[in-house]
Protein chains: 2
Amino acid sequence: MAKITDVARHAGVSPSTVSYALSGKRPISDETRRRVEEAIRELGYHPHAGARALASSRSNVLALMVPLRAGINVPVVMQFAVSVVTAARRYGHDVLLLTQEEGEEGLRRVVDTALVDGLIVMDVQLDDPRLPLLRRLDRPSVMIGFPASSEGLTCIDLDFMAAGEACVEHLARLGHRVVALVGSPPEVYVRGTAFAQRVVRGFTAAADRGRLASAVHPCEASPAAARAVAEQLLREQPALTGVVVHNEAVLEPLIDAFEGLGLRVPTDLSVTAICPDELAESLRVPVTSIALPAAEVGARAVELLMKKLDGKAVSEATLLAPRMTERGSTGRRAVA
Amino acid sequence: MAKITDVARHAGVSPSTVSYALSGKRPISDETRRRVEEAIRELGYHPHAGARALASSRSNVLALMVPLRAGINVPVVMQFAVSVVTAARRYGHDVLLLTQEEGEEGLRRVVDTALVDGLIVMDVQLDDPRLPLLRRLDRPSVMIGFPASSEGLTCIDLDFMAAGEACVEHLARLGHRVVALVGSPPEVYVRGTAFAQRVVRGFTAAADRGRLASAVHPCEASPAAARAVAEQLLREQPALTGVVVHNEAVLEPLIDAFEGLGLRVPTDLSVTAICPDELAESLRVPVTSIALPAAEVGARAVELLMKKLDGKAVSEATLLAPRMTERGSTGRRAVA
DNA sequence: TTCGACTGTCGAAGCGCTTCGACAACAATC
DNA sequence: GATTGTTGTCGAAGCGCTTCGACAGTCGAA
């Protein structure tokens, strides 16, 4: 395996010149650079990652901690991971995979051993136990999702409030005047992640602004619960024509329930959801939806981390604009 | 950040002694070891990964290359990745995530820069372009799946032939005498992965051994194709009572088709599948199935790699015994 | 012409660890 | 009592790279 001294000798320069030619940290004449590059090619030289890390205290590796708990959508996690790896490569970095199971100690370990230059942490909870550590650490990190307070952190996620608004506005534009939000199970609003509340806030704000009649119903993740909510909705809001669903598990059962109650989608009822595209596409009636843009979040998270590694300041909160994909489940309100 | 010389001074020994106490590569007295451990604890010492890699030419990192192409089952890939990470940690290793997209150059890069000690490659195709490189490399690697020839490689996968056999034997035990295999799309048998053929071989061999009437039908991944195959089967094998499905995409449509043709599962027809448990569980009629044991494959792959890193020989082919989970879709043949 | 200010290159000093050879001290063997 | 092993420790030499300071040469400005 060729080393930098071999390249230097072969190119007739000193090792430090080779290093500078590679890193661009000092000016090198075109002629010298050319000779160095040629020597590198001829010898098949690849710098030794460990030696580099030792001398420069930069490993060019970043850690990605992925969630494991039940209830997460695995394909979305995978999409995200792939986009992080791809984006990291564009910056000459590799990605070390950590599981949530490793927790704070895992993060501490890879940082303390100088294995990684920075951290990306997924599935951040409101009062995530990893937060104090991440705040304290001298290595930069970026989190996906928002904890109770993003102070001193760098967080990125879909703008769930805007997503709630966008759904209502879409329905309003189609002429709907009475709408309802079917949300996550009640416990999600208590513990967990902030995004559920944000959807509610956006939904309500937009409905109020547009003077729509609106109601919000949490819903357990079971077909039975879906059926119950459907019945309740029709009882309490007989004029209902637009529904926003923010609950992957009950989207299909809910549509089934409405149709079972004699409402056709989209003829009698327009349905829009905040859920992965995969799910929205696969239903009998493809659903107009807003998805978590996993690939974009991943790429942006890496960008933010790279900025921080360069010592640049970045904003604590980055919210990605929702993008709605129209499918067959929404239509203009039938005028009676 | 404390370094090994700090620990040494604090414990009143030389750095090399600390190193030996940590690695166990030379005998150290209990008393010295105790003092070293205490110093490590008090100083919060963590060895620098880069320095270690440079001095020992071992990075304690292994690369995992995951597939991206359409048609793979994402949750299974994820299960697999998680089990690799978990198993690797038990051996004190971390895992670098590579995407298939990086291809041979990606593998070459992480090896040439000495970033990783070994490679695990998923989704190996019959004539995978990465094979020549992997054979030539001086670093050990393990592949998931079998190429045309496993010579000079280390491969691991579910024993698909045994899986095909097990399905037939299960049906035979329940009294079925006429069975059919609904397989992958025709093109899979041509290009692609060896496992499809293996299932066929196991299926046929077991049927012949048990003197069952049997037939094999490839099937495109569409509901229409499923319906067509169902009709064809009933036409050609009117006495058919047992079906083995090795085709994720058509499992549900196929059952629907049979029921549409008046056959109840499992009353009139027993169905067993080779597919992820997730899918088998989620169907209206839960299906008796054999799954790819992703977690086990991952753990075993890491074990094999660790053995190779220790310079031990391992067998070229490791086949994991199939495990069948009985669900509602198979039953004793109704005696007319 | 002289003085910075660049530009382009080199040599040397580390980065923090592992490992090899050396060597005491002591036990077991003839 | 000399010889051979073991056990436990140390010092020094590197692993392959980056980076700092030094310095020679060039160029436009004063």
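In the text below, chain A, chain B and the rest are named by the order of the sequence lines, each starting its count at 1.
Crowding of B/Asp30 atom CG: a count of heavy atoms from other residues, nucleotides or ligands under 6.0 Å not exceeding 12.
To the nearest angstrom, P of D/dC15 lies 11 Å from CG of A/Asp6. As rounded to whole Å, 13 Å separates atom C1' of C/dG16 from atom CG of B/Leu22. For the pair B/Lys3 NZ and C/dT18 P, the computed distance is 14 Å after rounding to whole Å. Across the protein-nucleic acid pair, B/Tyr45 atom OH and C/dG16 atom C1' stand 7 Å apart, rounded to whole Å. Across the protein-nucleic acid pair, A/Asn60 atom CG and D/dG16 atom P stand 19 Å apart, rounded to whole Å. Computed from coordinates, the B/Ile4 CD1 to D/dT9 C1' distance equals 14 Å when rounded to whole Å. One atom, CG of A/Leu54, and another, P of D/dC17, lie 12 Å apart when rounded to the nearest Å. What separates CZ of A/Arg58 from P of D/dT18 is a distance of 13 Å, to the nearest Å.
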Can you list the steps and then say if A/Arg130 with A/Met65 is a side chain to side chain contact (heavy atoms under 4.5 Å, CB included)?
CA-CA 11 Å; A/Arg130 297 164 296 185; A/Met65 184 170 265; 3.3 Å; yes

Side chain to side chain contact (heavy atoms under 4.5 Å, CB included), that's the test. Do B/His93 and B/Arg58 meet it? Break it down for me.
CA-CA 10 Å; B/His93 282 245; B/Arg58 284 293 218 105; 4.3 Å; yes

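Residues that satisfy the side chain to side chain contact (heavy atoms under 4.5 Å, CB included) test with A/Leu54, not counting sequence neighbours, are B/His48, B/Ala51, B/Leu54.
Side chain to side chain, A/Ser29 and A/Thr32 meet the donor-acceptor criterion of an N or O pair below 3.5 Å. Side-chain contact check for A/Thr86 and A/Ser83: no donor-acceptor pair (N or O, by modelled atom type) lies under 3.5 Å.
Looking at A/Asp6 and A/Lys3, no side-chain N of the basic residue comes within less than 4.0 Å of a carboxylate O on the acidic one, giving no salt bridge. Taking a cutoff of 4.0 Å between a charged side-chain nitrogen and a carboxylate oxygen, A/Arg109 and A/Glu105 do not qualify as a salt bridge.
Of all nucleotides listed (C/dC17, D/dG16, D/dA12), D/dA12 comes nearest to the side chain of B/Ser16. The side chain of A/Val13 lies closest to C/dC10, out of C/dC10, D/dC10, C/dG16.
Residues from residues 24-35 of chain B with heavy atoms under 4.0 angstrom of DNA chain D, sorted by number: B/Arg26, B/Pro27, B/Ile28, B/Ser29, B/Thr32.
Map B/Thr17 and B/Ser56 each onto its nearest nucleotide of DNA chain D; the residue landing nearer the 5' end is B/Thr17.
Donor-acceptor pairing under 3.5 Å, judged by distance alone, is present between the side chain of A/Tyr20 and the base of D/dC20.
Recorded end-axis angle for the helix from C/dT1-D/dA30 to C/dT29-D/dA2 stands at 40°, based on five pairs per end and rounded to 10 degrees.
A side chain to side chain contact (heavy atoms under 4.5 Å, CB included) with A/Arg35 is found for exactly one of A/Glu38, A/Glu37, A/Glu31, namely A/Glu31.
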